[in-house]
Protein chains: 2
Amino acid sequence: MIAEQRSVRDLRTTKPDKICIMILDSETKAVELPEHHGDELRLWLRLLTCTTLIEGEVRSRLRERFDVTLPRFDLMAQLDKVPEGMTLSDVSKRMMVSNGNVTGLVERLVESGHLDRRTSDADRRVQVIRLTKAGRAEFRKMAAEHELWIADVFGDLTPKDVRELMRLLAKTKASAQKSAKARAG
Amino acid sequence: MIAEQRSVRDLRTTKPDKICIMILDSETKAVELPEHHGDELRLWLRLLTCTTLIEGEVRSRLRERFDVTLPRFDLMAQLDKVPEGMTLSDVSKRMMVSNGNVTGLVERLVESGHLDRRTSDADRRVQVIRLTKAGRAEFRKMAAEHELWIADVFGDLTPKDVRELMRLLAKTKASAQKSAKARAG
DNA sequence: GCCAATTGCTTGAAACCTAAAGAAATCTGG
DNA sequence: CCAGATTTCTTTAGGTTTCAAGCAATTGGC
């Protein structure tokens, strides 16, 4: 079982099982490792730090300026893109959160008048939700500022940096999806 | 109020308020926008997608293999780096979560025998927490597999990709911190 | 038509998280 | 020394989140 877990893609080409890799990192010092995965781990931690940092910043600003939570904003953002509305399942897939989570979130947003919810005629299991007129207006106001915040957060990156990051993150996403699929499927 | 919010770094050097920027992006098509922030927004969404994807994957595997949650794993990871222990405030700063959050998290980990907690002699407000022997042993086991999962998740990236991502994310982090500080400070 | 599997959503329990307020200990400038 | 500010941690209230279990509607095979 563990042996299977260890068949990491990195090592597929190396045949023996006990190879030691000698790494000379001029910036720090020489390190010797049986398997060299430290870089990926550091990369992951840095990715996580960036996201957490920015997410916290956006969360604070949304609360300060509009007294709204990030999940609500995200849900409204999804709906803004599709005026004819979407099902709860669609939302949960797009937001990458659990189904039960969306139920509660939608409940509160319907309650506050931002969302409109109706049972589908074709399939009575399905709930279609849309932004109300008021909900859409409020979201647009928030979204406009939000875009400026984000631009500011990434303000020190050159256009080239942005393009390069986009490219590398696309590659990362594909790699991660492949890895997730390999485990589950 | 809004006017203040609009002083985005990008635009600081431009004096008039209604400049239109003409951007010729050879890869896509010419676009004309009063302010060009769409790229940053897309970048942010992609960053968030990557992190959410990987985080979900790690969360699943931790639960499956070790029946442990990600926050607990993260907390133990922080403590593993500092054998002599740290204060709750240290932990909350490092993990970038609220103070009250750490209180509950630590409570449960002390309960389950993974953590050891004691009041500091020098300052009786301070609680110092450390991994117990059992806690450390269990963490090391989890960490070893975790490192392989992460290597697998980033498996399709070349070493050069990894280096470049590290560099760009470092720049992103610095930019985001500067932006956050400018708002708060 | 009928039964089983699937799909869409809801519910409930436990954990996680934040912001804000509060309690206790310590520090600091008279 | 001592009152006020600060620091450290806990508590509280309100949400968010996941997972698992469950219900209801639909679909597909026979």
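Residue numbers begin at 1 in each chain, while the letters A, B, ... track the order of the sequences.
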Can you confirm whether A:K173 is buried at NZ, in the sense that more than 12 heavy atoms of other residues, nucleotides or ligands lie under 6.0 Å from that atom? no
Closer than 4.0 Å, any side-chain N/O of A:R124 to the OP1 or OP2 of C:dC9? no
Given D:dT18, C:dT10, D:dT26, identify the nucleotide with an atom nearest to the side chain of A:D123. D:dT26
Please state whether the phosphate of C:dC16, meaning OP1 or OP2, lies under 4.0 angstrom from any side-chain nitrogen or oxygen of B:T69. yes
Once you round it to whole Å, what is the distance between P of D:dT18 and CG of B:L62? 15 Å
Looking at the side chain of B:S98, which of C:dT7, C:dC9, C:dC17 is the nearest nucleotide? C:dC17
Want to settle it: does B:P71 or A:Q127 sit nearer the 5' end of DNA chain C, counting the closest nucleotide to each? A:Q127
Is B:R118 atom CZ crowded by more than 12 heavy atoms from other residues, nucleotides or ligands, each under 6.0 Å away? no
Please determine whether a side-chain nitrogen or oxygen atom of A:R117 lies at a distance below 4.0 Å from atom OP1 or OP2 of C:dT10. yes
Ignoring hydrogens and angles, state whether a donor on the side chain of A:T87 or A:D90 is under 3.5 Å from an acceptor on the partner side chain. yes
Regarding the side chain of B:N99, the nearest nucleotide among D:dG15, C:dT18, D:dC9 is D:dC9
Between B:R65 and B:E145, does any NZ, NE, NH1 or NH2 come within less than 4.0 Å of an OD or OE carboxylate oxygen? yes
For atom CD of A:E111, is the number of surrounding heavy atoms from other residues, nucleotides or ligands below 6.0 Å larger than 12? no
Walking DNA chain D from its 5' end, the first of A:R125 and B:G100 to be reached, judged by nearest nucleotide, is B:G100
Should A:S89 be listed as having a side-chain N or O under 4.0 Å from OP1 or OP2 of C:dT7? no
Return yes if some donor-acceptor pair links the side-chain N/O of B:S120 with the main-chain N/O of B:Q127 below 3.5 Å, else return no. no
Residues in contact with DNA chain D, drawn from residues 101-110 of chain A - heavy-atom cutoff 4.0 Å: A:N101, A:L105, A:R108
For a 4.5 angstrom cut-off between non-hydrogen side-chain atoms, does A:M86 reach A:V128? no
Identify whether any heavy atom of B:R59 sits under 4.0 Å from a base atom; if not, whether one sits that close to sugar-phosphate; answer base, sugar-phosphate or nothing. nothing
